[in-house]
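Structure record follows, encoded as structure tokens.
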Amino acid sequence: MLYTEKTMGGTTKKGGLLAAAAKASSKSTDKKTKTAAKSRTSSSVKAKAKTVKTAKTVKKEKGVPAKKTAVKKSGAKTVVPKKNTAAKSVKTEEKKVEVQNSAFGSSLPSPAVVPAEKKSPSKRSAPKDGVYDEDSILHLEGLEHIRLRPGMYIGSLGDGSNENDGIYILLKEGIDNAVDEFSQGFGEKIDIDIHDGRVKIRDYGRGIPLGKLDDCVSNVNTGAKYNNSVFKQAIGMNGVGIKATNALSSYFRAASIRDGKMAVVEYARGKKIGGKTGEAKEGSQNGTYLEFVPDEEMFGKFSFNMDMVEKRLWNYAYLNPGLLINCNDKEYRSEKGLEDLLTNEMGNSRPLYPVFTYNGKNIQFVLTHTNSLDKFVYSFVNGQSTEDGGTHVTAFLDGFAKGINEFYKKEYDIRDAAGGLFVALKIGIDNPMFTSQTKNKLGNVEIRAPVIKETQFAIDDWLRHNPDVAGTIEEKIIKNQKAHAEINNVTDKQIREAAKTVMLKIPKLKDCRYHMQDGAKGENSMIFITEGDSATGSMVGSRDVETQAIFSLRGKPENMFGRKKSALYENEELKNLTFALGIQKDMEDLRYAKIVIATDADNDGYHIRNLVLTYFLLYFEEIVLSGHVYILETPLFRVRNRTTTTYCYSEASRDKELKVLGSNAEVTRFKGLGEISPDEFSQFIHERKPGESADKGIHLTSVTIEKLKNIPDVLQFYMGKNTPERREFIVHHLAAEIDA
């Protein structure tokens with residue numbers, strides 16, 4: 001149910017810009033020297049105005065590095081040796097490359113052995129430390145910028161433990177291009193192979209034009225997606241996607257087959273290492289082939305979680321009925337599209353009426369109600385999953401509420417009308433504007449009016465033609481009203497009583513100065529939920545009092561599974577935590593941008609973590625869904641010798657550092673947060689500063705929900721009453737950890 005995203009605080013690798021500081025006097029000398037040189041050059045030019053320019057001079061003026069070429073003068077003529085025409089003919093000779101007519105073209109040229117990247121001497125002038133002058137302005141060639149600032153293009157890096165980690169974005173970019181071919185009417189299947197960190201994708205579309213294959217995979221802002229006559233409502237629109245995959249892969253290969261011809265290019269970390277053009281094997285189908293291995297220099301030791309990959313592949317299948325996707329010998333195909341998605345996501349929840357399907361001009365959606373009080377919206381734009389919603393989602397909900405109220409001639413609250421609503425919707429637009437390169441949220445404001453209007457009309461018309469459904473929906477709305485009123489009444493009463501005991505000072509809370517309500521100053525606010533006073537003591541002395549608060553638990557909080565929300569305010573500790581977070585009345589009053597659970601890395605710490613997560617999932621699920629809850633990762637080991645100290649978050653990292661520091665290095669195993677001194681702790685709860693190593697800075701793991709329908713069953717299994725099934729699970733999975 002729950003899985004996490006490992007984000008290394010400030011993991012983006014930054015290029016070094018440091019150089020020796022220049023003195024003011026040296027600046028003056030440089031200036032005089034340049035002036036003198038300029039004067040001499042001017043005189044020289046005037047004196048030699050009639051001199052015929054050699055090839056070397058011409059190249060200098062054009063900014064091209066001059067080659068050492070022997071130049072013989074004969075009278076007034078300048079004789080330049082002829083170019084090596086043999087070499088030119090070799091370059092232009094067409095090499096035949098045979099390709100098998102199979103999923104992955106096993107007769108493609110074998111992957112080149114990728115040597116470790118050698119850093120060539122920089123041709124740029126060394127900038128002066130702290131001095132902003134002409135030498136400070138850098139131009140990054142090719143794909144350098146993507147490697148230097150990967151967060152701008154793929155979000156977080158990550159090791160594959162979360163579905164939003166960068167390796168899945170690289171995979172997505174490759175699949176997106178193949179799906180775009182299908183959506184334009186070319187190719188009915190996509191073959192994917194993922195093994196040992198290597199990804200292979202083969203589509204059967206038109207194939208990238210052979211002469212532009214190199215440009216399309218290496219030149220940012222180059223591609224046919226800008227041409228609406230060629231690609232209408234495509235997923236990839238920014239001309240960056242597959243280039244990011246190229247730049248961030250230790251090995252990347254692309255091949256295109258068109259009408260019996262083919263081209264192949266190969267790269268290592270964004271640098272071209274090979275390329276061929278020629279004839280494809282007879283019978284080879286048109287299409288594009290991609291192969292890449294994410295770079296461990298960027299992502300660390302990564303692995304693809306196939307459950308997360310499978311979720312993405314099913315989304316592609318639901319959004320493209322009729323498309324066949326083969327991945328690792330498993331097929332993904334949907335005939336009913338969004339209706340199949342909704343049925344799968346509802347799980348055991350019973351729909352109150354048959355699913356309503358609408359296929360309109362601006363929007364397509366399917367919806368139904370269940371007995372739940374929560375609404376679930378699955379949204380897509382041009383086949384891209386928009387998990388964070390956006391303007392299309394808010395416009396749809398506004399239109400839905402208007403349609404309901406128009407039909408019933410009432411003013412029902414959207415919470416009551418949408419309580420228990422399951423809906424999957426998608427829109428297609430030519431120029432989508434996402435809030436980030438990862439495309440999780442749509443920002444186009446011009447679609448609001450047409451989506452609201454069309455949704456309102458569709459809902460009103462549907463209810464008029466289905467009176468039985470209309471009656472069922474109104475009964476559901478009235479039930480929702482009563483349920484919400486009951487919850488609000490109990491909550492208000494409990495809040496008033498609880499407020500008398502809490503007053504202005506919340507026990508066990510060491511607050512910070514700025515909160516989310518303080519605008520920009522509170523954007524980075526966070527609260528650490530710690531385990532006992534010992535861990536709190538280490539953090540108090542090292543926290544940032546401006547934005548970091550601490551709430552200390554006395555031990556293991558009560559397991560609230562199966563308890564009503566009113567019981568929350570009868571528990572002193574959880575009541576205080578609720579008030580500390582500011583969510584006793586409304587989620588919008590949340591005081592901190594990040595809620596960080598900070599417990600020891602042992603069985604007791606994990607148990608406390610689960611109890612706190614149960615509290616959130618039962619009563620404040622929206623906080624988890626909106627990405628506010630995190631786990632603090634603290635180092636498990638400290639490895640040091642006389643000169644160097646490093647902190648390791650895994651046994652593999654510890655072993656690696658031991659090899660670097662030598663066998664005489666001292667290893668300390670941190671068993672609890674209280675064992676880490678305040679001076680050390682300060683390195684693990686603040687953002688990593690530019691230039692610091694990756695072991696510094698805060699390491700946070702974002703808590704996300706894989707499938708909403710799994711939450712009740714998982715909570716019941718792990719946090720409910722003891723059952724024979726759970727006992728059996730413990731015996732078979734945890735017995736090895738028990739100390740005899």
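These numbers come from the heavy atoms of this one structure, side chains and all, not from hydrogens, waters or symmetry mates.
- Checked against ring pair (Phe, Tyr, Trp, His ring centres under 6.0 Å), F292 has no partners two or more places apart in sequence or in another chain.
- Applying the side chain to side chain contact (heavy atoms under 4.5 Å, CB included) criterion to E335, with sequence neighbours excluded, gives R333.
- The number of heavy atoms from other shown groups lying within 6.0 Å of CD (E310) is above 12.
- Residues passing the side chain to side chain contact (heavy atoms under 4.5 Å, CB included) test with A593 are M516, S525, sequence neighbours excluded.
- Between R253 atom CZ and L290 atom CG the span is 10.5 Å, to the nearest 0.5 Å.
- Side chains of M298 and R269 form no contact here, defined as non-hydrogen atoms less than 4.5 Å apart.
- No donor-acceptor distance shorter than 3.5 angstrom exists from the side chain of R202 to the backbone of D191, with no hydrogens or angles considered.
- Judged by distance alone, with hydrogens and angles left aside, the side-chain atoms of S256 form a donor-acceptor pair with the main-chain N or O of I208 at under 3.5 Å.
- Dense packing is recorded around CD of E446, with more than 12 heavy atoms of other residues, nucleotides or ligands lying under 6.0 Å away.
- Atom CZ of residue F299 and atom CD1 of residue I167 lie 7.5 Å apart, to the nearest 0.5 angstrom.
- Note that R312 lies outside the cation-pi zone of Y316, set by a 6.0 Å cut-off to the ring centre and a 45° limit from the axis.
- In summary, K272 and E266 do not engage in a salt bridge, as defined by a charged side-chain N under 4.0 Å from a carboxylate O.
- Judged as a ring pair (Phe, Tyr, Trp, His ring centres under 6.0 Å), and not counting sequence neighbours, F616 has no contacts.
- In this structure, L625 CG and E622 CD are separated by 7.5 Å, a value rounded to the nearest 0.5 Å.
- A donor-acceptor pair is defined here as one N or O able to donate and one able to accept, closer than 3.5 Å; no such pair exists between the side chain of T455 and the backbone of I452.
- In this structure Y358 satisfies the ring pair (Phe, Tyr, Trp, His ring centres under 6.0 Å) test together with F365, sequence neighbours excluded.
- Looking only at distances, a side-chain donor or acceptor of K426 sits under 3.5 Å from a matching main-chain atom of L319.
- A cation-pi arrangement is found for K189 relative to Y204, the charged atom lying closer than 6.0 Å to the ring centre and inside a 45° cone about the ring normal.
- Under the side chain to side chain contact (heavy atoms under 4.5 Å, CB included) criterion, D340 pairs with Y318, S334, K336, not counting sequence neighbours.
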